[in-house]
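In what follows, residues are counted from 1 in the order of the sequence shown. Values below: every heavy atom of this structure, side chains too, minus hydrogens, waters and symmetry copies. Ligands are counted one by one from 1 in listed order, and the atoms in each one are counted from 1 as well.
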Amino acid sequence: MTDRSKGSTITVLRSNTIEVPALRVAIVGEGPEVSVPLGLEPVTIGSSDECQLVLSDRRVSRRHCSIALGDDGIVLRDLASKNGTFLGEIAVREAVLVPEVLFTVGMTQLAVRVSGAPSVLELHPTPQFGEALGGSLVMRALFARLAEAAQSDETILLLGESGTGKELLAQGIHDASPRRDGPFVVMDGGSISPNLIEAELFGNVRGAFTGAVDARVGLLQHADGGTLFLDEIGELPLDVQPKLLRALEARQFRAVGSNKWQPFNARIVAATHRDLRAAVRDGSFRSDLYYRIAVIEARVPPLRERKDDLELLVDRFLASQTPPLTRHDLPKTTMAMLRSHAFPGNVRELRNVLTRLALFPRLGLDALEPIRTRTSSPGAQDNDAEAWSQLFDLPLREAREHLVERFESSYLEAKLKDHAGNVGRTAQSAGVSRQMIYRLLERYGLRPGEV
Ligand SMILES: Nc1ncnc2c1ncn2[C@@H]1O[C@H](COP(=O)(O)OP(=O)(O)OP(=O)(O)O)[C@@H](O)[C@H]1O
């Protein structure tokens with residue numbers, strides 16, 4: 001470690017405890033400093049709102065470069081930007097930075113700054129929390145936080161892209177909590193028609209609405225003594241939000257069509273892939289409900305920000321094939337290929353890619369293609385027949401997920417075609433919300449206009 005990098009690297013204090021420097025990525029210029037903190041999660045810099053540091057600079061790409069703090073120190077990476085990332089006159093693809101050294105993107109100069117005393121962070125003792133695997137520092141820190149949070153009854157909000165493992169973590173929280181012997185109940189707010197969500201959550205009395213032939217118990221009650229996982233909480237309709245808030249505050253609820261308040265005893269874990277703070281700002285999510293749910297808020301990082309987890313995940317997914325495989329069974333270039341892929345579908349996508357490679361090892365880079373390209377390619381039927389019989393070798397859960405995903409993507413593609421790419425009409429004809437269609441489009445890498 002050079003003198004100049006002093007105070008800017010992660011130090012291992014003892015096993016499972018690290019010291020993390022207090023760093024900020026700052027725009028260097030006149031006027032008040034604009035900066036964002038740099039912790040275990042990388043900071044992306046670019047012109048897109050999705051970046052942590054957003055630059056309004058015409059010469060900056062949407063996702064231009066990233067800065068990550070890791071075992072090697074502070075690493076600056078260009079994200080295949082159009083105009084490059086520069087250290088002085090030199091364009092860099094990847095460089096280890098020391099504090100106060102200027103780098104340039106577009107017309108903007110930036111630097112990493114030490115901004116105070118380091119903090120001590122506990123890591124989970126193993127690279128696993130429930131069924132979720134993760135050996136990277138950021139995941140072990142997340143696991144440690146969730147393991148601690150599991151002991152309380154507070155509401156937890158998990159934020160992260162689709163396929164990052166939010167449901168697996170919610171199950172892990174339940175299993176690590178004093179409620180582990182009670183039920184773990186899932187409500188997927190994205191896949192239920194908006195006008196049925198309230199009844200799904202709170203139940204309904206007989207005849208409460210057209211079609212309510214019988215009285216039904218809601219999921220809140222089903223989760224009695226256990227945990228209710230509210231997946232895609234961001235899709236909760238505005239009119240149901242105050243009802244959920246009231247229920248959480250008073251610990252009691254009313255079934256649809258009933259006047260009677262009933263107590264409930266379930267712990268709530270919620271998740272969303274949406275930026276809920278932005279939803280609060282644009283008025284589509286109530287701020288009081290947001291603060292009530294986000295008592296403990298945890299971000300689950302996308303797989304591209306924790307490539308250190310790849311080996312562990314690859315080994316696990318290969319071992320679960322029938323017969324179990326190891327990395328040696330795949331072409332030598334496989335790990336390099338996986339390392340350079342961005343995985344927009346995150347761990348779910350990785351698992352599917354490995355299942356495809358296990359079935360058809362010679363697919364190589366084609367295994368990274370979205371499902372639709374292959375299913376509609378010539379000779380797909382022969383492949384389908386072969387894949388179908390080989391699916392029998394997979395564990396039931398994986399075989400089922402694989403088929404559901406293939407079906408969903410083909411269904412979506414066909415429906416979108418029928419409606420000339422119009423999302424509203426596609427949603428209506430499929431009987432789901434527009435948000436659900438957007439979610440599926442994201443999951444399968446489809447664009448409505450291109451179908
Ligand atoms: N850390 C992990 N370790 C092992 N498997 C994982 C991990 N993260 C995700 N997976 C696997 O990836 C798939 C998707 O995970 P999960 O459903 O928990 O993600 P999610 O964030 O809830 O996604 P969505 O928002 O689309 O519902 C599952 O099959 C899960 O087993």
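Looking only at protein heavy atoms, the nearest one to atom 3 (N) of ligand 1 is Leu133 N, 2.9 Å. Scanning the protein for heavy atoms near atom 11 (C) of ligand 1, the closest one is Val347 CG1, 4.0 Å. In terms of protein heavy-atom proximity, atom 22 (O) of ligand 1 is closest to Glu167 N, 3.1 Å. At the top of the distance list for atom 26 (O) of ligand 1, counting protein heavy atoms only, stands Ser162 OG, 2.6 Å. Of all protein heavy atoms, the one closest to atom 16 (P) of ligand 1 is Gly165 CA, 3.7 Å.
Contact analysis leaves His273 out of contact with ligand 1, as no non-hydrogen atom separation drops below 4.0 angstrom. Between Glu131 and ligand 1 there is a heavy-atom distance shorter than 4.0 Å. Between Gly163 and ligand 1 there is a heavy-atom distance shorter than 4.0 Å.
Proximity of Leu220 to Ile268: side-chain heavy atoms (C-beta onward) are separated by under 4.5 Å at one or more points.
Close contacts between ligand 1 and Glu161 involve ligand atoms 21 (O) [criterion: under 4.0 Å to a heavy atom]. Taking every non-hydrogen atom of Lys166 and a distance limit under 4.0 Å, the qualifying atoms of ligand 1 come out as 18 (O), 19 (O), 20 (P), 21 (O), 22 (O), 25 (O). Residue-ligand proximity, Asp231 to ligand 1, at heavy-atom distances under 4.0 Å covers atoms 27 (O). Proximity to Glu232 (heavy-atom distance under 4.0 Å) selects the following atoms of ligand 1: 25 (O).
A side-chain contact (heavy atoms from CB on, under 4.5 Å) with Leu230 holds for exactly one of Leu244, Leu236, Ile293; it is Leu244. Just one residue in the list Leu142, Leu312, Asp308 forms a side-chain contact (heavy atoms from CB on, under 4.5 Å) with Ser136, and that residue is Asp308.
Inclusion of Arg306 in the set of residues having an N or O under 3.5 Å from an N or O of ligand 1 is not warranted.
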**OP:** In sequence, state the C-alpha distance, the side-chain angles, and the governing distance for His341 and Glu349, and then conclude on side chain to side chain donor-acceptor pair (under 3.5 Å).
**Re:** CA-CA 11 Å; His341 186 60; Glu349 182 184 350; 2.7 Å; yes

Subject >> Asp78/Ser81 under side chain to side chain donor-acceptor pair (under 3.5 Å): CA gap, chis, key distance, verdict >> reply: CA-CA 6 Å; Asp78 183 75; Ser81 68; 2.7 Å; yes

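Between Phe407 and Tyr411, the ring planes are tilted. Angles from 30° to 60° get that label. Ring-plane geometry between Phe143 and Phe129 is classed as parallel, the angle between the planes falling under 30 degrees on a 0 to 90 degree scale with a further cut at 60.
At distances below 3.5 Å, not a single donor-acceptor pair connects side-chain atoms of Arg267 with backbone N or O atoms of Ser177. Side-chain N or O atoms of Glu148 include none that pairs as donor or acceptor with a backbone N or O of Ala144 at under 3.5 Å.
The nearest non-hydrogen atom to atom 14 (C) of ligand 1, considering only Gln171, Arg348, Arg351, comes from Arg348. Of the listed options Leu313, Val300, Leu159, Leu313 places a heavy atom closest to atom 4 (C) of ligand 1. Scanning Leu312, Leu158, Leu142, Leu168 for the heavy atom closest to atom 7 (C) of ligand 1 points to Leu168.
For the residue pair Asn265 and Arg251, no side-chain donor N or O sits within less than 3.5 Å of a side-chain acceptor on the partner.
Residue Phe317 touches ligand 1 through its side chain alone, judged by heavy-atom distances below 4.0 Å.
A salt bridge links Asp153 with Arg179; the closest basic N to acidic carboxylate O contact falls under 4.0 Å.
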